[in-house]
Asker: 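I'd like to ask some things about the structure below.
The model shown is predicted, which means the values in this text are computed figures rather than measured ones. In what follows, every heavy atom counts, from backbone to side chain, and hydrogens, waters and symmetry copies are set aside.
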Amino acid sequence: MKSLKLISSAIAMLICFVTMAQERTITGTVTDESSIALPGVQITIKGTKKYAQTDFDGKYSIQAQKGDALVFSYIGMDTQTFYVQSSNIINVRLKNSHTKLQEVVVVGYGTSNSEYEDRSYARAERKREKKDAQALKGKVAGVQIQNNLGNAASPIRTIAIRGTASISSQNEPMYIVDGVKVKANQMAKINPNDIDNVSVLKDQAATSIYGSKASNGVVIISTKNEIYKNLSEKELDKKLNIMPIPTEPTQEDYNSFVENAFESPKTAPLSTFSIDVDNASYTNIRRFLNNGQQVPKDAVRVEEMVNFFKYTYPQPKNEHPFSINTEVSDSPWNSNNKILKIGLQGKNIPTEDLPASNLVFLIDVSGSMEDMNKLPLLKQSLKILVNELRPKDKVAIVVYAGAAGMVLPPTSGDEKKTIINALDNLQAGGSTAGGAGIELAYKIATENFIKSGNNRVILATDGDFNVGSSSNSDMEKLIEEKRKTGVFLTCLGYGMGNYKDSKMEILADKGNGNYAYIDNIQEANRFLGKEFKGSMFAIAKDVKIQIEFNPKQVQAYRLIGYENRKLRPEDFKNDAIDAGELGSNHTVTALYEIIPTGVKSDYLAEQPDALKYTKTENSSTNYSNELATIKFRYKKPDGDKSIEMVQVIENKSVILEKASDDMKFSSAVAWFGLKLRDSKLIADKSSKEIIKLAKQGNSNDGEGYKAEFIRLVETSKLHN
């Protein structure tokens, strides 16, 4: 009998393991009939307690296996069921619901036109009669419901009860759920299946009970089991999985910089800069726009916006780790100017050929990290990375709050359960000793250093250091010293409201590193899952670009973006100067705007008189067929000496209509970034034209990121 029980137990465990092995991550986007993203849609696996919700972009992620039934439910929409088949992507379009709520009662002083007798109401009365509400709209007199794009306070629907005021977001009613006053975004995330009845108070009936704040009416919702009764606002947000949205990012910190100006090749013959593979600025901007907030000017780094997207450059065909690709076309925002695009494509190294990894997760568990979009999102993000690890890889976990400590010693990548359990046990609380955490993380990484391996500290934080050496200059000195160990750095930024972008950028720039802002689990899946090799494995470091423009063809030039990555001409050959890293299969794109010779421009500074003793041109040589000469220097990941590459750019331009899709789309992204920065160097700031150009260049968009960009530009038009 005992042996029978053991066999049964073993079979049960085997079934469990098989089930876990069959599970995979299903992702997708949920929209309404107008293709507008729906936040707060609940996705459940039928017959289980597993569920997920869409984020502000309408995106979701859930673990499921083939044959599972995914049920999509949303208030005011028909519930739909989709079965998991071979595809890992299930996109859903929900239709407006025509079903009946159990109860909708409109009350207020005055005469009722329903089947009930004429009477005045001073309070809400429950009626067990069923009425066709069509989610309140059109069936309850005086109630208006409208789509609301990008509104942080009400990301899903705006409800207004018609009275003396016009219908607008300022005239939303008060919401009461199970006796608790809630916000519009909280109300909108309530599962429609939990609703027992809905009542609406108008006029004096509302103000006599709830005061002047109820002058626009009150929507009263009761759930079947009063599941939201007596909950605080914070508890309600947690139950509904709502991330906090500050009205203004007053505590966020960004490095200020001045936009690159036009320069003459006669007085500034060389333009030198470090590559930048970071894309944190784009996801941070996306967060602001999705929340209906004004984007801080200094949060916009145009090169990081451009480099968020992948372009179709060819793989390198020689001994160098990247290919060089150039293209010249018309400027879309200044019609008389040209755009030079420079694209690098990193070599795609097969996963099995990548070196072993020695990773240290450095995790901020201070009190500021307790919000849903910080430590909880952070833990889920790092689990995605853990799933990519191989047995030859190892991970240690260091945490810091008031002090720093190691919670997991170096552990093999095949012990995923141990690593994930350590992540699950993390809790937030205390102050933020970031400097101490960095010291300990680098110490552990150095002690476990793998020669010719991938040695990397992965810092995950909101950047709000406040104990010990914590200023930006302190962080810069510290990380420059740690860079000498040969350990690379990846910075993952989380949160909003007190986010310290400036610190994260400095750490990544000065620490042989890269930097991503994780605004949702889909972004974590992109950066740490799909682009794992590019994010975590450097194939070249200290990559620098130096370009010399031909003054016979170029009257003036300016580098678009890269303001924080510019180098002095003499830094190009100085191997002691740090520059950017390029990962496996990564692309890097840089754009220059050029004013051709003979073109009159309002953006040109007054040219100096010709010099008597110094000549910048060699008149005896004719370079009429050359626009510029471009040089690259890079080091191998474990090297100390740079390798140089040189390429001549032909003086050959194509009209924008015939330019590549990559040229069109990257120019559109840069154009939008310049508009967000309120650039004084662009003549045309039309969102309509930006959208038109982006649509023309939208190709190879299997993941939908380019389509999402177009939607963001369209959304931003509503706030202009």
Side-chain angles (χ1 to χ4, degrees), residues 55-57 149-153 155 243-261 276 278-308 368 371 373-374 377 461-466 470-473 475-476 491-509 515-520 523 560-566 668-682 685 687 690 708-709 711-720:
D55 62 13
F56 291 113
D57 299 319
L149 290 176
N151 190 321
M243 297 181 181
I245 303 171
T247 53
E248 289 297 335
T250 53
Q251 300 302 313
E252 299 193 10
D253 187 27
Y254 300 91
N255 278 328
S256 60
F257 58 90
V258 178
E259 180 182 17
N260 288 330
D276 186 359
D278 299 341
N279 47 55
S281 179
Y282 177 77
T283 50
N284 196 23
I285 289 167
R286 180 174 67 188
R287 181 253 297 190
F288 281 113
L289 293 176
N290 281 334
N291 291 347
Q293 296 174 313
Q294 184 72 32
V295 179
K297 180 178 178 180
D298 289 324
V300 181
R301 295 187 289 274
V302 177
E303 75 279 7
E304 293 187 22
M305 294 180 65
V306 171
N307 282 316
F308 176 86
S368 68
D371 294 334
N373 61 347
K374 293 188 180 181
L377 176 59
T461 176
D462 61 8
D464 193 9
F465 305 156
N466 52 34
S470 59
S471 69
N472 286 3
S473 58
M475 290 295 102
E476 185 170 344
C491 294
L492 305 178
Y494 292 85
M496 57 184 71
N498 68 326
Y499 185 61
K500 307 303 179 188
D501 174 86
S502 58
K503 270 192 185 63
M504 303 293 281
E505 188 190 9
I506 285 172
L507 290 170
D509 287 357
Y515 167 31
Y517 176 77
I518 308 296
D519 56 342
N520 54 45
E523 177 59 20
I560 298 172
Y562 291 91
E563 283 86 358
N564 295 337
R565 299 292 186 131
K566 292 179 74 174
V669 176
W671 194 358
F672 185 52
L674 294 171
K675 178 179 177 176
L676 288 176
R677 282 196 57 81
D678 192 26
S679 171
K680 307 305 179 189
L681 298 176
I682 58 174
K685 297 185 179 182
S687 292
I690 295 173
E708 178 189 55
F709 168 78
R711 181 183 66 78
L712 286 178
V713 182
E714 290 172 338
T715 300
S716 73
K717 287 173 63 180
L718 302 177
H719 307 302
N720 290 346

Asker: Judged by modelled atom types alone, do N284 and R287 share a side-chain donor-acceptor pair under 3.5 Å?
Answerer: yes
Asker: Could you tell me if the side chain of L492 sits less than 4.5 Å from the side chain of M504, heavy atoms only?
Answerer: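 The answer is no; the side chains never approach within 4.5 Å.
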Asker: Starting at CG of D509, measure out to CG of D276 and round the result to the nearest 0.5 Å.
Answerer: 6.5 Å
Asker: Is there a side-chain contact between S502 and Y254, using heavy atoms and a 4.5 Å cut-off?
Answerer: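 Result no, sub-4.5 Å side-chain heavy-atom pair not found.
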Asker: Quick check: do E563 and V258 have side-chain heavy atoms less than 4.5 Å from each other?
Answerer: no
Asker: How long is the straight-line distance from CG of N279 back to CD1 of I285, given to the nearest 0.5 Å?
Answerer: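 Going from the CD1 atom of I285 to the CG atom of N279 covers 11.0 Å.
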Asker: Quick test of your reading of the model: are K680 and E259 salt-bridged, counting only N-O distances below 4.0 Å?
Answerer: no
Asker: Evaluate salt bridge (charged side-chain N to carboxylate O under 4.0 Å, His left out) for D519 paired with R286, printing each intermediate quantity in order.
Answerer: CA-CA 8 Å; D519 56 342; R286 180 174 67 188; 2.8 Å; yes
Asker: Considering only NZ, NE, NH1 and NH2 on the basic side and carboxylate oxygens on the acidic side, decide whether D462 and K500 come within less than 4.0 Å.
Answerer: no
Asker: Do E505 and R301 sit within salt-bridge range, that is, some charged N less than 4.0 Å from a carboxylate O?
Answerer: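 Judged by the 4.0 Å cut-off on N to carboxylate O distance, E505 and R301 do form a salt bridge.
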Asker: Can you name the closest pair of heavy atoms from A299 and S281 and give their distance?
Answerer: O-OG, 2.6 Å
Asker: What distance do D253 atom CG and D501 atom CG have between them, rounded to the nearest 0.5 Å?
Answerer: 8.0 Å
Asker: Of Y517, F709, Y282, which is the lone residue that meets ring-ring contact (aromatic ring centres under 6.0 Å, His included) with F308?
Answerer: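 Exactly one pass, corresponding to Y282.
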Asker: For residues V713 and L289, determine if any side-chain heavy atom of one lies less than 4.5 Å from a side-chain heavy atom of the other.
Answerer: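 Heavy-atom side-chain distance check fails, nothing below 4.5 Å.
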Asker: Take M305 and F672, measure what side chain to side chain contact (heavy atoms under 4.5 Å, CB included) needs, and give me the verdict at the end.
Answerer: CA-CA 9 Å; M305 294 180 65; F672 185 52; 3.9 Å; yes
Asker: Could you state the interatomic distance from CD (E523) to CG (L377), rounded to the nearest 0.5 Å?
Answerer: 10.5 Å
Asker: Distance check, rounded to the nearest 0.5 Å: Y494 atom OH versus K374 atom NZ?
Answerer: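 Reported to 0.5 Å precision, the distance equals 12.5 Å.
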Asker: So which atom in A668 and which in I690 form the shortest heavy-atom distance, rounded to 0.1 Å?
Answerer: O-CG2, 3.6 Å
Asker: D298 and S256: side-chain donor and acceptor closer than 3.5 Å?
Answerer: no
Asker: Strictly by modelled atom types, are K675 and S687 linked by a side-chain donor-acceptor pair under 3.5 Å?
Answerer: yes
Asker: Walk me through it: do V295 and V300 pass the test side chain to side chain contact (heavy atoms under 4.5 Å, CB included)?
Answerer: CA-CA 8 Å; V295 179; V300 181; 3.7 Å; yes
Asker: So how far is it from L681 CG to L674 CG, rounded to the nearest 0.5 Å?
Answerer: 8.0 Å
Asker: Give the C-alpha distance, both sets of side-chain angles, the deciding distance and a yes or no for side chain to side chain contact (heavy atoms under 4.5 Å, CB included) between D278 and E303.
Answerer: CA-CA 9 Å; D278 299 341; E303 75 279 7; over 6 Å; no
